[in-house]
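Heavy-atom basis, side chains included; hydrogens, waters and symmetry copies ignored. Throughout, protein chains are lettered first and strands after them, A, B, ... in sequence-line order, and every chain is numbered starting at 1.
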Amino acid sequence: MKPLPPETTSELLSRVKSIAGLTLGELAHRTNSPIPGDLRQHKGWVGQFLETFLGADSGNLAVPDFSKLNIELKTIPINKRGLPQESTYITVVPMLGAPNLAWESSEVRLKLQHVLWLPVEADQHLKLADRRVGYAVLWRMPTHIEAILRADWQELMEYVLLGRLAKLNASIGQYLHVRPKAANSRILTQGLDNQGNKILTLPRGFYLRPQLTQQIILKKC
DNA sequence: CATTGATCATAA
DNA sequence: TTATGATCAATG
């Protein structure tokens with residue numbers, strides 16, 4: 001079962017409103033979708049299931065999930081205290097730079113410009129089928145947050161492009177940070193050393209810390 | 001117990 | 001192979 005993409009933002013919003021408070025089991029039942037016993041070998045299942053359910057049409061292309069609306073969908077795991085349980089993956093780190101290397105044209109900014117955040121219960125003691133979908137938050141990146149993300153991105157990209165990858169770790173960055181993004185720690189991709197030569201290194205991704213996503217779902221920013 | 005580093009599934 | 005969707009699991 002694959003619904004058509006929403007034509008308008010309000011259509012998308014009415015779709016998410018209609019599932020607020022419902023469990024994943026209920027939604028999976030409606031669409032005759034199999035539901036995994038747990039997420040250990042299906043880590044992306046919740047996000048991919050809800051994407052399909054809502055009619056996201058971008059597959060795994062590097063563009064926002066709802067291509068026509070330019071809106072990115074992020075499901076966000078919520079712990080029993082009602083706060084984000086994990087960081088949020090944004091996009092791959094461009095290890096060799098980009099054609100137009102600036103925050104303004106970065107994938108991070110493009111993806112975070114307009115995001116539909118969809119909270120989903122994620123307490124590990126809750127069976128997958130019993131986890132409820134929450135109330136979605138349609139968010140535009142505010143100027144004061146963008147300023148922080150820009151500074152983080154610039155600092156992080158300096159490590160990447162100036163051959164300081166060995167010193168780049170997840171403790172760097174206020175809201176945005178960089179962590180491994182690979183099947184395992186032996187995977188290699190091209191990067192740069194401090195002479196600008198190509199070397200092989202672990203692929204990495206940009207992630208948002210829960211400190212930011214917490215503010216977002218609480219509508220503090 | 002929060003954070004960092006490692007890992008799993010799937011599509012094109 | 002590299003992007004998407006993320007959570008798992010070791011560590012401090």
Side-chain angles (χ1 to χ4, degrees), chain A residues 2 5 24 27-28 33-67 71-98 106-108 110-112 115-128 131 133-134 152 156 159-160 165-191 198 200-215 217:
Chain A
K2 195 158 191 177
L24 295 175
L27 298 179
S33 306
I35 186 162
D38 62 69
L39 294 178
R40 272 182 299 183
Q41 294 188 304
H42 302 272
K43 295 181 180 179
W45 182 82
V46 175
Q48 297 191 321
F49 172 68
L50 289 171
E51 259 188 9
T52 302
F53 191 94
L54 293 171
D57 61 330
S58 294
N60 62 342
L61 302 179
V63 296
D65 298 299
F66 299 97
S67 57
I71 293 174
E72 174 78 10
L73 177 69
K74 288 291 180 198
T75 58
I76 183 155
I78 300 297
N79 64 23
K80 52 188 162 188
R81 299 168 59 179
L83 299 174
Q85 182 158 276
E86 290 281 356
S87 58
T88 301
Y89 170 69
I90 305 304
T91 190
V92 155
V93 174
M95 302 298 271
L96 301 177
S106 67
E107 293 292 337
V108 174
L110 295 181
K111 293 207 175 188
L112 292 182
V115 181
L116 184 65
W117 300 92
L118 186 52
V120 178
E121 287 182 323
D123 179 355
Q124 286 196 328
H125 300 301
L126 264 181
K127 282 169 52 186
L128 206 45
R131 299 183 186 182
V133 174
D152 284 344
L156 294 165
Y159 281 82
V160 172
L165 286 172
K167 294 187 173 178
L168 176 55
N169 62 62
S171 71
I172 302 168
Q174 184 178 343
Y175 287 155
L176 188 69
H177 66 167
V178 165
R179 304 220 306 281
K181 176 60 172 166
N184 59 63
S185 58
R186 281 103 50 202
I187 299 290
L188 294 172
T189 193
Q190 286 196 325
K198 286 181 181 174
L200 289 175
T201 186
L202 181 64
R204 292 159 171 90
F206 285 112
Y207 296 77
L208 289 183
R209 296 183 186 275
Q211 285 85 336
L212 175 59
T213 53
Q214 168 178 329
Q215 294 181 53
I217 62 164

* **Polar side-chain atom of A:D65 near backbone of A:L73 as donor-acceptor pair, under 3.5 Å** => yes

So [X], base contact, sugar-phosphate only, or nothing? Heavy-atom distance under 4.0 Å.
{"X": "A:R81", "value": "sugar-phosphate"}
{"X": "A:Q85", "value": "nothing"}
{"X": "A:P77", "value": "sugar-phosphate"}
{"X": "A:A122", "value": "nothing"}
{"X": "A:S171", "value": "sugar-phosphate"}
{"X": "A:Q124", "value": "sugar-phosphate"}

[X] [atom1] to [N] [atom2], straight-line distance once rounded to whole Å:
{"X": "A:Y175", "N": "B:dT3", "atom1": "OH", "atom2": "C1'", "result": "17 Å"}
{"X": "A:L176", "N": "B:dT3", "atom1": "CG", "atom2": "P", "result": "15 Å"}
{"X": "A:L168", "N": "B:dT4", "atom1": "CG", "atom2": "C1'", "result": "12 Å"}
{"X": "A:N184", "N": "B:dC8", "atom1": "CG", "atom2": "P", "result": "7 Å"}
{"X": "A:R40", "N": "B:dT10", "atom1": "CZ", "atom2": "C1'", "result": "20 Å"}
{"X": "A:L208", "N": "C:dA6", "atom1": "CG", "atom2": "P", "result": "12 Å"}
{"X": "A:N79", "N": "B:dA2", "atom1": "CG", "atom2": "C1'", "result": "11 Å"}
{"X": "A:R186", "N": "B:dC8", "atom1": "CZ", "atom2": "P", "result": "8 Å"}

Taking the side chain as every heavy atom from C-beta outward, state whether [X] and [Y] have any atom pair closer than 4.5 Å.
{"X": "A:L128", "Y": "A:V46", "answer": "yes"}
{"X": "A:L168", "Y": "A:V93", "answer": "no"}
{"X": "A:W45", "Y": "A:L24", "answer": "yes"}
{"X": "A:F49", "Y": "A:I35", "answer": "no"}
{"X": "A:L27", "Y": "A:L50", "answer": "yes"}

Return a table of donor-acceptor pairs under 3.5 angstrom between the side chains of residues 200-209 of chain A and protein atoms on other chains or two or more places apart.
{"unit_1": "A:T201", "atom_1": "OG1", "unit_2": "A:R204", "atom_2": "NH1", "d": "3.0"}
{"unit_1": "A:R204", "atom_1": "NH1", "unit_2": "A:L202", "atom_2": "O", "d": "2.7"}
{"unit_1": "A:Y207", "atom_1": "OH", "unit_2": "A:P180", "atom_2": "O", "d": "3.1"}
{"unit_1": "A:R209", "atom_1": "NE", "unit_2": "A:G173", "atom_2": "O", "d": "2.8"}
{"unit_1": "A:R209", "atom_1": "NE", "unit_2": "A:Q174", "atom_2": "O", "d": "3.3"}
{"unit_1": "A:R209", "atom_1": "NH2", "unit_2": "A:A170", "atom_2": "O", "d": "2.8"}
{"unit_1": "A:R209", "atom_1": "NH2", "unit_2": "A:S171", "atom_2": "O", "d": "3.4"}
{"unit_1": "A:R209", "atom_1": "NH2", "unit_2": "A:G173", "atom_2": "O", "d": "3.0"}

* Asked: So what is the end-to-end bend of the helix from B:dC1-C:dG12 to B:dA12-C:dT1, with 5 pairs used at each end and the value given to 10 degrees?
  -> 20°

* To do: Drop me the distance from A:N184's CG to A:R186's CZ, to the nearest 0.5 angstrom.
  => 4.0 Å

* **Interatomic spacing from NZ in A:K167 to OH in A:Y159 - rounded to 0.5 Å** => 8.0 Å

N or O in side chain of [X] less than 4.0 angstrom from [N] OP1/OP2:
{"X": "A:S185", "N": "B:dT7", "answer": "yes"}
{"X": "A:K181", "N": "C:dT4", "answer": "no"}
{"X": "A:T75", "N": "C:dA6", "answer": "yes"}
{"X": "A:R209", "N": "B:dT4", "answer": "yes"}

* Between B:dG5, C:dA9, C:dT4, which nucleotide has the shortest distance from any of its atoms to the side chain of A:T91? -> C:dT4

* Output the single nucleotide from C:dT7, C:dA3, C:dA9 whose closest atom is nearest the side chain of A:Y207. => C:dT7

* Asked: What pair of heavy atoms forms the shortest contact from A:P94 to A:V160, and how long is it?
  -> O-CG1, 3.8 Å

Just list the side-chain donor-acceptor pairs under 3.5 Å for residues 74-87 of chain A, sequence neighbours left out, or say none.
{"unit_1": "A:K74", "atom_1": "NZ", "unit_2": "A:E72", "atom_2": "OE2", "d": "3.4"}
{"unit_1": "A:K74", "atom_1": "NZ", "unit_2": "A:Y89", "atom_2": "O", "d": "2.8"}
{"unit_1": "A:N79", "atom_1": "OD1", "unit_2": "A:R81", "atom_2": "N", "d": "2.9"}
{"unit_1": "A:N79", "atom_1": "OD1", "unit_2": "A:G82", "atom_2": "N", "d": "3.1"}
{"unit_1": "A:N79", "atom_1": "OD1", "unit_2": "A:L83", "atom_2": "N", "d": "3.0"}
{"unit_1": "A:Q85", "atom_1": "NE2", "unit_2": "A:A122", "atom_2": "O", "d": "3.0"}
{"unit_1": "A:S87", "atom_1": "OG", "unit_2": "A:R179", "atom_2": "NH1", "d": "2.9"}
{"unit_1": "A:S87", "atom_1": "OG", "unit_2": "A:R179", "atom_2": "NH2", "d": "3.2"}

* **Close residues, residues 41-48 of chain A, relative to DNA chain B [heavy-atom separation under 4.0 Å]** => A:Q41, A:K43

Return the polar atom pairs (N/O with N/O) between nucleotides 10-12 of chain C and the protein under 3.5 Å, or none.
none

* Asked: Would you say the base of C:dA3 and the side-chain of A:Y89 have a donor-acceptor pair closer than 3.5 Å?
  -> no

* Structure fact -> Assign each of A:E86 and A:K74 the nucleotide of DNA chain C bearing its closest heavy atom; nearer the 5' end lies the nucleotide of A:K74

* **Whichever of A:T189 and A:T88 has its nearest DNA chain C nucleotide further upstream toward 5'** => A:T189

* What residues, two or more places apart in sequence or in another chain, satisfy side chain to side chain contact (heavy atoms under 4.5 Å, CB included) together with A:K198? -> A:L96, A:Q190, A:L192

* Test log, rule side chain to side chain contact (heavy atoms under 4.5 Å, CB included), inputs A:V178 and A:I172 -> CA-CA 8 Å; A:V178 165; A:I172 302 168; over 6 Å; no

